[in-house]
Engineer: 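Below is one structure. I have some questions about it.
Numbering of ligands and ligand atoms starts at 1, following listing order.
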Amino acid sequence: MSLSIPSLRRFLYVSELAPTMPSTVVGQILRQSRERNHRLKLSGALLFDGERFCQLLEGEPDATHALMRRIERDTRHCKVKLLLDTLDPAPRLMTQWRCGYADHDAFDAIDAAAAGDPEQAAHAFLRLLPSCDLSS
Ligand SMILES: Cc1cc2nc3c(=O)[nH]c(=O)nc-3n(C[C@H](O)[C@H](O)[C@H](O)COP(=O)(O)O)c2cc1C
């Protein structure tokens, strides 16, 4: 008998609100995300600083990958830069899906960490969360 450990797909990216989009689309994105992420058992967080997004997304590999491809094609944002893309049996970094606001320039530290080690970028993202007034 073999014991199989369920694997987990994890993405971390930064992107920019599309130039033609009012920041009110963020509310629309959050409504869509809450419902679908809960249904698909996706965890992580979506942060917005008024101009840029940074999102950690993790869950069952196929569902997480399919959503990430949809997010990349979403015209409400642009310049999507993938900082982390892993598939491993590690436990989730977050147990639920959250959203919140980050200070301007807060994502620069995450982006810089990713240049050295993508896993460090995920930890920089987690360190930022307590200052982001999160809701679920
Ligand atoms: C920055 C950003 C983050 C998003 N995050 C999520 C998310 O976590 N979950 C989700 O279901 N949709 C998210 N979306 C919306 C998806 O891109 C897509 O519109 C949604 O899944 C509906 O796809 P569909 O119209 O093909 O069904 C996000 C969009 C943007 C621009």
Engineer: Quick one: nearest non-hydrogen protein atom to atom 7 (C) of ligand 1, plus distance?
Structural biologist: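 Sorting protein heavy atoms by distance from atom 7 (C) of ligand 1 puts S33 OG, 3.2 Å first.
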
Engineer: For atom 20 (C) of ligand 1, what's the nearest protein heavy atom and its distance?
Structural biologist: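 In this structure, atom 20 (C) of ligand 1 has R36 NH2, 3.8 Å as its nearest protein heavy atom.
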
Engineer: Answer yes or no: is there a donor N or O on one side and an acceptor on the other, between the side chain of E60 and the main chain of K41, under 3.5 Å?
Structural biologist: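 Not a single qualifying donor-acceptor pair exists.
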
Engineer: Quick one: does D103's side chain have a donor or acceptor within less than 3.5 Å of a partner on A106's backbone?
Structural biologist: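 Side chain of D103 to backbone of A106: no pair is present.
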
Engineer: So, 4.0 Å and heavy atoms of F11: is ligand 1 close enough to count as a contact?
Structural biologist: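 It does not, in that no heavy atom of F11 comes within the 4.0 Å cut-off of ligand 1.
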
Engineer: Looking at H77, which atoms of ligand 1 are within less than 4.0 Å of one of its heavy atoms?
Structural biologist: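 Once the distances to H77 are compared, the set is 1 (C), 31 (C).
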
Engineer: Tell me which part of Q55 gets within contact of ligand 1: side chain, backbone, both or neither, using heavy atoms under 4.0 Å.
Structural biologist: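 It is the side chain that touches ligand 1; the backbone stays farther off.
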
Engineer: Within the distance-only criterion (no hydrogens, no angle test), does the side chain of S43 pair as donor or acceptor with the backbone N or O of M94 below 3.5 angstrom?
Structural biologist: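 Yes.
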
Engineer: Hey, what do you get for CZ (R10) to CG (L87), rounding to the nearest 0.5 Å?
Structural biologist: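 Separation between the atoms: 10.5 Å.
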
Engineer: Of all the non-hydrogen atoms in the protein, which one sits nearest to atom 9 (N) of ligand 1, and at what distance?
Structural biologist: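 For atom 9 (N) of ligand 1, the nearest protein heavy atom comes out as N37 OD1, 2.8 Å.
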
Engineer: Passes salt bridge (charged side-chain N to carboxylate O under 4.0 Å, His left out), E35 versus R31? Steps please.
Structural biologist: CA-CA 7 Å; E35 188 277 321; R31 278 191 295 281; over 6 Å; no

Engineer: Under a 4.0 Å threshold between the charged nitrogen and the carboxylate oxygen, would R92 count as salt-bridged to E58?
Structural biologist: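 Salt bridge between E58 and R92, a charged N being under 4.0 Å from a carboxylate O: no.
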
Engineer: Is Y13 in polar range of ligand 1, meaning some N or O pair under 3.5 Å apart?
Structural biologist: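 Such a contact does not occur with ligand 1.
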
Engineer: Taking only heavy atoms of R70 into account, list the atoms of ligand 1 that are under 4.0 Å away from them.
Structural biologist: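 Here the atoms of ligand 1 in question are 17 (O), 21 (O), 23 (O), 24 (P), 26 (O).
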
Engineer: Where does L67 meet ligand 1, judged by heavy-atom distances below 4.0 Å: at the side chain, the backbone, both, or neither?
Structural biologist: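 The side chain, only.
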
Engineer: For residues R52 and D105, report the shortest heavy-atom separation together with the two atoms involved.
Structural biologist: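 For R52 versus D105, the nearest heavy atoms are NH2-CA, 4.1 Å.
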
Engineer: Check this for me - ligand 1, D74, N or O atoms closer than 3.5 angstrom, yes or no?
Structural biologist: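 Looking only at distances, the answer is yes, because the N/O contact criterion of under 3.5 Å is met.
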
Engineer: Under a 4.0 Å heavy-atom limit, does R76 contact ligand 1 with its side chain, its backbone, both, or neither?
Structural biologist: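 For R76, the contact with ligand 1 is made by the side chain alone.
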
Engineer: Does any donor atom in the side chain of H65 or R69 lie under 3.5 Å from an acceptor atom in the other side chain?
Structural biologist: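 The answer is yes; a qualifying pair exists.
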
Engineer: To the nearest 0.1 Å, how far is atom 28 (C) of ligand 1 from its closest protein heavy atom, and which atom is that?
Structural biologist: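 Going by distance alone, atom 28 (C) of ligand 1 is nearest to I29 CG2, 3.6 Å.
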
